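Note sheet for the following structure.
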Amino acid sequence: MKNLFLIILNPNADTSIIKRRIEDLGEYYIIYNNQYLVLSEHHDSQAVYSMIVKDEDSIIGTIVLSIPTTNLSYWGYADKSLWEWLDKHTNSK
């Protein structure tokens, strides 16, 4: 089962290498330039963090949050494509 992660990057840092690694994790959606939703086979936030941040490029302000997809609930005002991506990639209704 894939897990959903929210990855937030420091908007003031050069995160181009980390962004490429995020894209290699699995299905992803860019919310803003520095915020990603990622559907990945990894099981926890620490594993995802370890995959995208290596010792040589540790950047203050890289956060990985795990979001349970069972009974996922969301609400807000955003581009329609975000809601379509969530519906397609999670068990949300």
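Every value quoted in this text rests on a predicted model; they were computed, and no experiment measured them.
- In this structure, S45 and S66 approach most closely via the heavy-atom pair OG-N, 3.2 Å.
- Interatomic distance, NE2 of H89 versus CG of L4, reported as 10.5 Å (0.5 Å rounding).
- Ion pairing of E84 with K88 is absent here, as no side-chain N (NZ or NE/NH1/NH2) approaches a carboxylate O to less than 4.0 Å.
- Of the possible polar contacts, none joining the Y29 side chain to the L86 backbone as a donor-acceptor pair under 3.5 Å is found.
- Under the side chain to side chain contact (heavy atoms under 4.5 Å, CB included) test applied with I7, the options N34, L25, I31 reduce to a single match, L25.
- Taking CG of L37 as the reference point, atom CH2 of W85 lies at 5.0 Å (rounded to 0.5 Å).
- Between atom CD1 of residue I22 and atom CZ of residue R20 there is a gap of 11.5 Å, rounded to the nearest 0.5 Å.
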#### Entry: Residue pair N3, H43: steps toward the side-chain contact (heavy atoms from CB on, under 4.5 Å) verdict
CA-CA 7 Å; N3 298 298; H43 298 291; 3.9 Å; yes
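- Between the side chain of S40 and the backbone N or O of G26, no donor-acceptor pair lies under 3.5 Å.
- Looking at heavy atoms from C-beta onward, V48 lies out of side-chain contact with V38 at the 4.5 angstrom threshold.
- The CG atom of L82 sits 12.0 Å away from atom CD1 of I30, with the distance rounded to the nearest 0.5 Å.
- Within the 4.5 Å cutoff, no side-chain heavy atoms of T90 are placed close to those of I67.
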### Task
Report the C-alpha separation of V64 and V53 in whole Å, then their side-chain angles, then the decisive distance to 0.1 Å, and conclude whether the side-chain contact (heavy atoms from CB on, under 4.5 Å) test is met.
CA-CA 11 Å; V64 179; V53 177; over 6 Å; no
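- Here CG of L65 is found 6.5 Å from CD1 of I63. Values are rounded to the nearest 0.5 Å.
- Partners of N33 by side-chain contact (heavy atoms from CB on, under 4.5 Å), not counting sequence neighbours, listed by chain and number: K19.
- A parallel orientation is assigned to the rings of Y74 and W83, their planes being inclined by less than 30° (bins at 30° and 60°).
- Applying the salt bridge (charged side-chain N to carboxylate O under 4.0 Å, His left out) criterion to E23, with sequence neighbours excluded, gives no partner residue.
- I18 contributes atom CD1, which lies 7.0 Å from atom OH of Y49 (distance to the nearest 0.5 angstrom).
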